[in-house]
Number of protein chains: 2
Amino acid sequence: MPRTTGSHSDITGPRIQAAATKLFAREGYAAVSMRRIASEVGVQAGALYNYTPDKQSLLFGLMHDHMLALLAAVPRDTGPDPVARLERFVAFHIRFHHDRPDAVFIAYMELRNLSEQNFAVIEGLRRQYEDLLEDILRDGIAQGHVETADTKITTLAVIAMLTGVSTWFRESGRLSLEDITARYWELVSGAVGARVSAPV
Amino acid sequence: MPRTTGSHSDITGPRIQAAATKLFAREGYAAVSMRRIASEVGVQAGALYNYTPDKQSLLFGLMHDHMLALLAAVPRDTGPDPVARLERFVAFHIRFHHDRPDAVFIAYMELRNLSEQNFAVIEGLRRQYEDLLEDILRDGIAQGHVETADTKITTLAVIAMLTGVSTWFRESGRLSLEDITARYWELVSGAVGARVSAPV
DNA sequence: ACGTTAACTGAACGGTCGTTCATAAGAAAG
DNA sequence: CTTTCTTATGAACGACCGTTCAGTTAACGT
């Protein structure tokens, strides 16, 4: 019996995305069937194809949306102090990733399940994000407030370090997110040789 | 036509492990079928069950062997200088993980595909490895050569940073493994506030 | 009141999955 | 040469896969 009370198009769509995000993150893209996503939404499998052309596009849509949200939310302030900008970047990254653990998990665990073209798109967006951090580091070096030998490697190392938080953070844990952000800022600022005050 | 020239038991076993490692790393546990592993080995699917009771045990065996190899190879030197021990740990981690990219990938991407008991075993071994690093940091603090606020968080952050190398390192890249090791030692020693010489 | 359409069902498609097992044949033991 | 054991085949099991589609019904435009 279709169309059971009310028009659902604007509700079912987001519910499918939510269910797919949750299940892909928990069990992996390949291990989750369309039927299982449908049953989570409370619908038959065929209905999913009103919202996505196929399973691959469903995955890509989730990752694409996530990367766009990341790039839209990241602070692009161009304040005079690169160390302060770096600190804001660190706090933002931890907070943003903490708020969407499932999407984060998918975005870096399911890359291999993307088709070649879709992978290239996501990789490009990821590169844009990395470049924002690298720009901060370069500014810091130029102003003598940061000291690191290879900005590309440092960028990748810092992001790996920060993203790692979501693999172990539990709300019920010993430390609050603010505590953790403070600890990571100590680690990052030490790693990049950040100096709060004047250059040499 | 079974037993086609020569006895294969001691050859087929390792070949199955090698094929499974390669395929699981490249495409993921759930996406690789037993038939595909068998065909990579040059054998029919049924033959795999002379070497593993089921697919889950095959995965667990790979991860278990990897973790045991890691714990067997990690330097446990108890030299007097914690900073030197930390430097050796960093170099070891990068080298060891570089030498087995497939096993590393599996060990931290396929955790969710382990049964509950198997997961607990692997998690315990991982914890042992982390504790070795945390011990070094604590010794460093005790001797005043290291300065970091929370050794547990620092441990996780450093390992995440180091393991990240294998996600982007290419043999043909701009930097050699030695270069990268040097850069990461700068980052780690800075992050933990390592001092080469005497305490306060 | 009525035709149109958006939203969904439920069955079906060919194919693949993990696993089992009777059977066969080369290797080893006597 | 015969027996026994090891190693593998290949067919079969029921279950599930992604995807398609004709049919059904509730809501909407007029």
Side-chain angles (χ1 to χ4, degrees), chain A residues 1-24 26-63 106 110 112-116 118, chain B residues 1-24 26-63 106 110 112-116 118:
Chain A
M1 66 221 76
R3 225 46 176 341
T4 54
T5 291
S7 186
H8 292 147
S9 180
D10 51 347
I11 292 179
T12 308
R15 290 231 294 155
I16 290 172
Q17 296 220 25
T21 300
K22 174 178 150 192
L23 292 173
F24 286 166
R26 250 189 261 303
E27 309 179 21
Y29 173 76
V32 175
S33 70
M34 294 297 269
R35 273 170 248 260
R36 205 140 131 46
I37 297 170
S39 112
E40 184 88 6
V41 176
V43 111
Q44 294 297 315
L48 301 185
Y49 291 85
N50 290 325
Y51 301 90
T52 181
D54 49 37
K55 195 187 178 189
Q56 162 78 201
S57 303
L58 180 54
L59 173 63
F60 174 70
L62 296 180
M63 295 178 68
I106 293 170
E110 303 295 355
R112 64 183 165 196
N113 286 308
L114 291 175
S115 71
E116 208 172 328
N118 286 345
Chain B
M1 71 227 62
R3 223 47 178 334
T4 55
T5 290
S7 184
H8 292 147
S9 180
D10 50 347
I11 291 179
T12 307
R15 291 230 295 155
I16 289 172
Q17 295 221 26
T21 300
K22 174 178 149 191
L23 292 173
F24 286 165
R26 250 190 259 306
E27 308 177 23
Y29 173 76
V32 174
S33 69
M34 293 299 269
R35 275 170 247 261
R36 205 138 130 47
I37 297 170
S39 112
E40 184 87 5
V41 176
V43 112
Q44 294 296 318
L48 300 185
Y49 291 86
N50 291 324
Y51 301 90
T52 182
D54 49 38
K55 194 187 179 190
Q56 161 78 201
S57 302
L58 180 55
L59 172 64
F60 174 69
L62 296 179
M63 297 177 67
I106 292 171
E110 303 295 355
R112 65 182 164 196
N113 285 309
L114 290 176
S115 71
E116 208 172 327
N118 287 344

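Here is the naming used below: chain letters follow the sequence lines, and residue numbers restart at 1 for every chain. Note that these values count all heavy atoms, side chains included, but never hydrogens, waters or copies made by symmetry.
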Name all residues meeting the side chain to side chain donor-acceptor pair (under 3.5 Å) criterion together with [X]; count only those two or more places apart in sequence or in a different chain, and write none if there are none.
X      : value
A:E110 : A:N113, B:R112
A:R36  : A:E27
A:S115 : A:N118

Interatomic distance where [atom1] belongs to [X] and [atom2] belongs to [N] [whole Å]:
X     : N      : atom1 : atom2 : value
B:Q44 : D:dT9  : CD    : P     : 5 Å
B:L48 : C:dG18 : CG    : P     : 10 Å
A:L58 : D:dT19 : CG    : C1'   : 14 Å
A:Y49 : C:dA12 : OH    : C1'   : 14 Å
A:I11 : C:dA6  : CD1   : P     : 18 Å

Between C:dC8, D:dT7, C:dT19, spot the one nearest the side chain of A:Y51, thanks. C:dC8

Shortest side-chain distance from B:D54, nucleotide among D:dT9, C:dT19, C:dG10: C:dT19

Side chains of B:L58 and B:Y51: closer than 4.5 Å at any heavy-atom pair? no

Pair listing, side chain to side chain donor-acceptor pair (under 3.5 Å) test, anchored in residues 40-50 of chain A, at least two apart: A:K22-A:E40

For residues 50-60 of chain B, pull every pair meeting salt bridge (Lys or Arg N to Asp or Glu O under 4.0 Å), keeping only residues two or more places apart or in separate chains. none

Result for 5'-nearest mapping on DNA chain D, choosing between A:G46 and B:N50, is B:N50

Within the structure, does a side-chain N or O atom of B:T12 lie under 4.0 Å from either OP1 or OP2 of D:dA8? yes

Heteroatom pairs (N/O) under 3.5 angstrom, protein to nucleotides 14-17 of chain D:
from   : atom 1 : to    : atom 2 : distance (Å)
D:dC17 : OP1    : A:S33 : OG     : 3.0

